[in-house]
Each structure stands twice: as structure tokens, then as C-alpha cells.
**Q** 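A single structure is presented below for examination.
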Amino acid sequence: MKEQIAQLIDAALSTLIANGTLPADITPNIQVENTRDKAHGDFASNIALTLAKPARRNPRELAQQLCDALPTNGSIEKTEIAGPGFINFFVSQASIFTVLGDILEQGDAFGRGQANSGPRMQVEFVSANPTGPLHVGHGRGAAYGATVADLLEAAGVEVEREYYVNDAGRQMNILAASVWLRYLEQHEQELTFPSNGYQGHYIRDIAHDLVKDHGDRFNRPVADVVADIPADEPAGGDKEVHIDALIERAQQLLGDDYEMVFDAGLNSILGDIREDLGEFGVNYQEWFSERSLTSSGDVSRALEQLEAKGYLYEQDGNLWFRSTDFGDDKDRVVKRANGQTTYFASDIAYHMNKFERGFDKVVNIWGADHHGYIARVKAAIQAMGYDPEKLEVRLVQFAILYRGSERVQMSTRSGSFVTLRELRNEVGNDACRFFYVTRKADQHMDFDLELAKTESKDNPVYYIQYAHARVCSVLRKLESEGMAWDQAAGLAAMERLESETEKDLVKQLAKYPETLQHAALNFEPHVLANYLRDLAGDFHTWYNGHKLIIDDAELRNARLTLSVAVRQVLANGLKLLGVSAPEQM
RNA sequence: GCGCUCGUAGCUCAACCGGAUAGAGCAACGGCCUUCUAAGCCGUAGGUUGCAGGUUCGAGUCCUGCCGGGCGUGCCA
């Protein structure tokens, strides 16, 4: 409908240009909006206001001329000039209601664009270090990323979902050392666990499995392990130096077996993360290994590329990337004096790799604490000759958990963080998925556990699901009364739906496709969440004032048709949010 | 200090590319079940959009300054 009106305006503009009322060199940007106030009709355009200045005309007068020049169209009942020069369009009942037929005909596909008709995009999200279970902060990134990816796909974009596995680097070595030390404890060796090691109980579980699968293969005398290791922090030393020495010792004593211990930790935790996400309805096409960037030579190749273009220089023995040439605050080290490449070097290689895979757009969903990295990564992309605009970085703020009005304290140091799995078990996947995306991602959010758990109207998830279940319930009731819903008869009797609430409801349904598009292209799932809440509200309002199972067959079928259309759109929307649409509650 | 970001009803948040009288929910108060699920509906009340300027037909939205919160600012990962 919006499209149609825009075309009518375009035609009117051409007419006015042809007869000399408007200059030929204007570049109109035709906007048609949903009206906020019913008194303003169904749709409105501000075209006369935006053209008033370049056309050097009074906006209301111009609006009138545009109206006069509008081609006649059966769907438009009347137009009005209002306010400073808006053109309001009043659409006929019949053409508003045609959307019901579209919904029922298209079913699950209603609102979706043509599959893979758009660009190819990659969405990378969560990508938490595999050093422990996911916590509630990762949960928001997971829900947000999964929904953004699903929305894009629904909008016709070809989407690849990817998890970047940080399976290299010091943190992973600390993990391996932690596993190994717990393993030694399983062999009844007494040792003091490093303060900077991973304290979680899951480390013991991994060590236990290691004993089960490999017996004492990795066992070494503790005396050899701790010999000449610098003191830990509680003993007056430096915890970083202490743990690094332990890692080095583990590598010495285990030789080639070190990698087995390392992989045992990595695979166990990664397996847990996959399972966790899978249960949360979050799935990936690709789990991309950071280590593979080194073995494939991408890291050295990326650095060579930058070198060849003259963006690298040596200073103090380190190799620097001149990112300041591309707007970064300071230059960055890519290779240390000891020959080790930095994490940033891997990032450069990773993004080079992404762009070489030919995506039209690369979307990174990062925790908000990473926002300082955007400039340097974009700088690297640009330096390698790619368009930095093709990288879209979306930041997700952390969620603060509340139990009622009480804040749930979390700290990684004390190990008292709430895991995503615990949250899902307590609150349920549906409420989790919904709550996480109901607020703008770059906004801090308060996640109230008590509210998410309540099964009442206070909880928007149940409110929406209940609307869906209500329609199902009516259809069951209908059947038990020995009646059936006749879709064709319903569609043929649309003119019987004459109340204002019915029209509101249908107009809300008609907004679904554009809402979906908007939510997808702007990476804003909350728009869809809010839309569904509004739709459910409109439905409940209508339902409360209108009986569906009535003797008047024509009216009954018309109302049932509307109900089923609402159910369809609710189901489509909930599916995209990863929330179930129950048939009864 | 510098950079990014946010500031909207008592609370949690919306507001489509700059549009008309800034909207929901919760909390508060008052109503509605012999009727398809009351997990619902209706109504009342609640605002100088942090402050001060600027841009224009029009600003919560764009620009400048200030105030306040968050994050970043490692040869860490």
C-alpha cells in the first residue's frame, strides 16, 4: 500500500514538472508514513514540505496541487491537506483487508523476502574464549546475534553464522596448565593451585575425564613441576610470572603430549558451549579456528601484505602497524620482539580471510568492552585495500541481573558468575530469548529474573504466546461444537468486520513485512519484539469485545479468518525471535 | 586528560530518513468473569525528552558547550 501511494505521488510530481509547476531539476525523496493519529487518515506524506523550499512555493498550496494531480486509484477514498502541508491518505476498507488473504495464502512465508535474493552477509557472534562456560553476558550476544541473523535471512539476505574460536594464545595455555594441575591432583599429588589459574569446577571434570581416558600418561612428579618456579602472588610473587613459568614447565615435561592436554580442555569446553547454544536455539554454519590462521599462513600473509604496502615499521625491536594513517589513535604492535605475533595480528588475518571469502557485508557482534578495537580493525581492513564500510560492528551492552529489586552480584574473580545454562534452567529459553532482544542492543539493560519467570500479563513473553494460544483454543472449541472454519467464506465476508478495533488489528497485521525489513536491515530485533507485543495487545482488545463462535456463519467465518491471520503473524514473528508459539497454555 | 557512547513518566523502555498532540508495560487508583482461557479487557493519573544555545517550515532525533552515568584508552587475551 505504501508502495502504491509512493507511485501515485511520483506520477503527480511528473505531471507538475511537465506542466511547469515544479522545476525539472528537483530530486524528490518520497516518504510515505503510517499515521500516528487516525484523524490523519491511514498514510501520510510530507512531500510538499520537503519540496516547498527548492520549488519556492507555499507547502500547503503545493500539497493541494499535488493532490489535484494524483491519478485516481480505487484504493484511495480521499486525500486531505493537513497541518503545515502534509497530505493524508484515506484508504478504502476493502483494500486494507486484502492483506488477510495474503497472510493466509503465504502462511509461514508471509513477511519474508525472497530467499537468498539479497546480498551475502556473514554474522559473527558470541565468539567467547573457550576457557569456561558461557555466562549471562554471552547470552545476550547469542540471542541478539542469532535473531539478527534470522531476521536478515528472512529479509532475503544469504547469511552465514560464524563463531570465532580463540583456540590460541596465553589464556588457552593457562587453561591447559590448569587442567594439567588438576589432573596431577587426581593422582593424589598435593600442590598449590595457581591463583591465576581457572578455578571453576569444570576444570576438575576435564581432568577427571583425562584420567579416565589416558590413565597416568600425563603424570609427573610434583617436585619436578614446581622446581624453581617463581612464587605465586599469595606467596609474595607475581601471579602472571608464576603461571607463565608453570605453562612453560608443562610444555617441557609433557613434550608432544602437551597438545593432548591442551586439546582435551579446548574440546571439552567448546563442546559444552556448542551444546549450550544449541539448546538455546543458536546454531552456526562455521566454527572458525584462530589457530588455523597461523597454520594456513594467513597471519604471515596478512602481515606481508601490510609490509608490501608500506604500513609496517620496526621500533624497539617490535613490528608496528601504522594504523594512525587510517584514523586510529595510535599505532599498534603486530609482532613482538620475541617473534610472537599479537592477538591483533590474528584479527587482521581473520578479517582478511573474511573478506577473501567474498561477503558483501561482514557483521561483527562484540561485547561493548571491545569498542576500542573497531578503529584499529577498520584501519587494517582499509590498509589491505578493502572497504571498511563493509564491516559492520554492533556492540552489545552487558545485562545486569536483578532478582526483583535486588541486583545479582557477579564477578569472574570470585567465580560467582551466573552461567547462561543456569539462567535458561531457571527462566526458560523462551523468556530468555525474548528478554535479551527486547531492548536495543547498545543499551544497558536490566534483566529481572522474577519478571521473566512470572506467568502473567506482566511478562510480555506470555502475553504474546497467550494471544497465539487463544486462537488455537477457539478453533478447538469450534471443532468441539461441531463447526468448522471456512476460510473462503471468511475472506468473502470481510466487509462484515466493520468495527474500529478490527480495522486497527488488520492495519497492524499489514505492518508486519515492513517491520521485519526494518528490524533486519537496522540490526534491531527489539523492533520486532515490540511489534509483536502491540499486535498481541490489539488482538486481546478485539477478542475481549467480540465473540467468535456465533450463529451468524458469515460473520463467524470472517472473524475466525482474522483470528487465524493474527495467529499466523504471531507465529512467524515468534519463530524469528527463537520463541515457541504454544497451542495451549 | 583524550576517545566512544548513553541521559525520555516513580521504574523498565519505545518513538520508522528531522514530521503533526512524545508512546507502551510495570507500579498507583477505579471498574469488567452464569458467556470461546481473567495468563485477558476498559478507564484515571503520570513529561520543561539532563541543562543552555544553534541550524529550519518543523528537533527527543542534527551541531556546539556544560552536567551526569557506562566503556575504552596495554608490547593482555
Side-chain angles (χ1 to χ4, degrees), chain A residues 29 31 33-37 39-40 44-46 49-50 52-53 58-60 82-86 88 129 131 166 168-174 240 290 315-320 329-330 332-338 340 342-344 346 367-375 395 397-398 402 405 438-440 442-448 451 454-463 465-467 469-478 480-481 511 514-515 517-519 522 524 526-527 529-531 533-534 536-537 539-550 560 563 584-585:
Chain A
N29 172 21
Q31 297 175 46
E33 300 184 322
N34 300 307
T35 52
R36 207 174 291 179
D37 187 335
H40 299 143
S45 179
N46 61 356
L49 291 165
T50 58
K53 192 162 225 179
N58 174 304
R60 282 193 68 108
F86 290 100
N88 294 333
N129 285 351
T131 53
N166 295 112
R170 182 162 170 268
Q171 291 304 316
M172 288 307 297
N173 282 319
I174 294 177
E240 307 291 350
E290 180 186 353
Q315 191 180 305
D316 311 325
N318 300 299
L319 194 58
W320 296 72
D329 295 339
K330 51 171 290 193
R332 310 285 171 178
V333 172
V334 290
K335 190 187 263 187
R336 289 192 287 260
N338 64 9
Q340 285 272 315
T342 60
Y343 179 86
F344 178 48
S346 295
D369 54 336
H370 281 66
H371 87 242
Y373 296 87
I374 299 174
L395 299 178
Q397 288 285 350
F398 293 121
Y402 282 84
S405 59
T438 199
R439 307 295 179 218
K440 257 199 246 173
D442 60 3
Q443 204 76 265
H444 297 270
M445 79 175 281
D446 293 345
F447 192 126
D448 187 341
L451 177 60
T454 53
E455 300 191 356
S456 75
K457 63 169 184 172
D458 302 1
N459 188 334
V461 192
Y462 287 91
Y463 184 83
Q465 289 180 320
Y466 179 49
R470 259 188 157 168
V471 178
C472 296
S473 173
V474 169
L475 293 178
R476 281 192 301 270
K477 175 80 175 172
L478 182 76
S480 74
E481 308 246 321
K511 282 184 202 164
E514 68 192 61
T515 302
Q517 284 290 323
H518 180 259
N522 293 293
E524 292 184 336
H526 76 277
V527 169
N530 290 336
Y531 166 85
R533 214 223 156 266
D534 290 344
F539 172 75
H540 287 309
T541 295
W542 172 67
Y543 180 92
N544 221 255
H546 297 78
K547 240 172 121 46
L548 306 187
I549 301 178
I550 47 177
L560 287 169
S563 304
Q584 57 184 3
M585 298 178 74

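Below, chains carry the letters A, B, ... as their sequence lines are ordered, and counting in each starts from 1. Quantities reported herein were computed from a predicted structural model and do not represent experimental measurements.
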**Q** Counting any heavy atom closer than 4.0 Å, what does A:A375 reach on the DNA or RNA strands: base, sugar-phosphate only, or nothing?
**A** nothing

**Q** How about A:E514 and A:N34: do any of their side-chain heavy atoms sit closer than 4.5 Å?
**A**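 Yes. Closest side-chain heavy atoms under 4.5 Å.
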
**Q** What's A:A168 touching, base or sugar-phosphate or nothing? Going by heavy atoms closer than 4.0 Å.
**A** sugar-phosphate

**Q** What is the nucleic acid contact for A:Q465, judged by heavy atoms within less than 4.0 Å: base, sugar-phosphate only, or nothing?
**A** nothing

**Q** With a non-hydrogen cut-off below 4.0 angstrom, is A:A52 in contact with a base, only sugar-phosphate, or nothing?
**A** nothing

**Q** So, under a plain 3.5 Å distance rule, would you say the side chain of A:Y373 forms a donor-acceptor pair with the base of B:C71?
**A**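 Flag unset: no donor-acceptor pair detected.
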
**Q** Would you indicate what A:D316 reaches in the nucleic acid, counting non-hydrogen atoms under 4.0 angstrom: base, sugar-phosphate, or nothing?
**A** base

**Q** Stacking here means centres under 5.5 Å and planes under 30°; does A:H40 stack on B:A20?
**A**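 The ring of A:H40 is stacked on B:A20.
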
**Q** Quick one: do the A:N530 and A:H526 side chains pair a donor with an acceptor below 3.5 Å?
**A** no

**Q** Would you classify A:N46 as touching base, sugar-phosphate or nothing, given that sugar-phosphate means primed atoms plus P, OP1 and OP2, and contacts are heavy atoms under 4.0 Å?
**A** base

**Q** Answer with base, sugar-phosphate or nothing: what part of the nucleic acid does A:K440 contact at a heavy-atom distance below 4.0 Å?
**A**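 Contact class for A:K440: sugar-phosphate only.
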
**Q** Stem list for RNA chain B, please, built from Watson-Crick and G-U wobble pairs under 3.5 Å and keeping only runs of at least 3.
**A**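 The stems that RNA chain B takes part in, listed by first number, are B:1-7 with B:67-73, B:10-13 with B:23-26, B:28-32 with B:40-44, B:50-54 with B:62-66.
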
**Q** So A:N29, base contact, sugar-phosphate only, or nothing? Heavy-atom distance under 4.0 Å.
**A**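 Base contact.
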
**Q** I'd like to know if A:N88 reaches the base of B:A20 with its side chain, counting only an N/O donor and acceptor under 3.5 Å.
**A** yes

**Q** Tabulate atom names and distances for all N/O pairs under 3.5 angstrom spanning the protein and nucleotides 2-9 of chain B.
**A**
from : atom 1 : to     : atom 2 : distance (Å)
B:G3 : N2     : A:H371 : NE2    : 2.8

**Q** Detail all sub-3.5 Å separations between protein N/O atoms and N/O atoms belonging to nucleotides 33-36 of chain B.
**A**
from  : atom 1 : to     : atom 2 : distance (Å)
B:U35 : O2'    : A:K547 : NZ     : 3.1
B:C36 : O2     : A:I549 : N      : 3.2
B:C36 : N3     : A:L548 : N      : 3.1
B:C36 : N4     : A:Y543 : O      : 3.1
B:C36 : N4     : A:H546 : O      : 2.6

**Q** Under the 5.5 Å and 30° test, is A:F86 stacked on the base of B:A20?
**A**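 A stacking contact exists, since A:F86 sits close and nearly parallel to the base ring of B:A20.
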
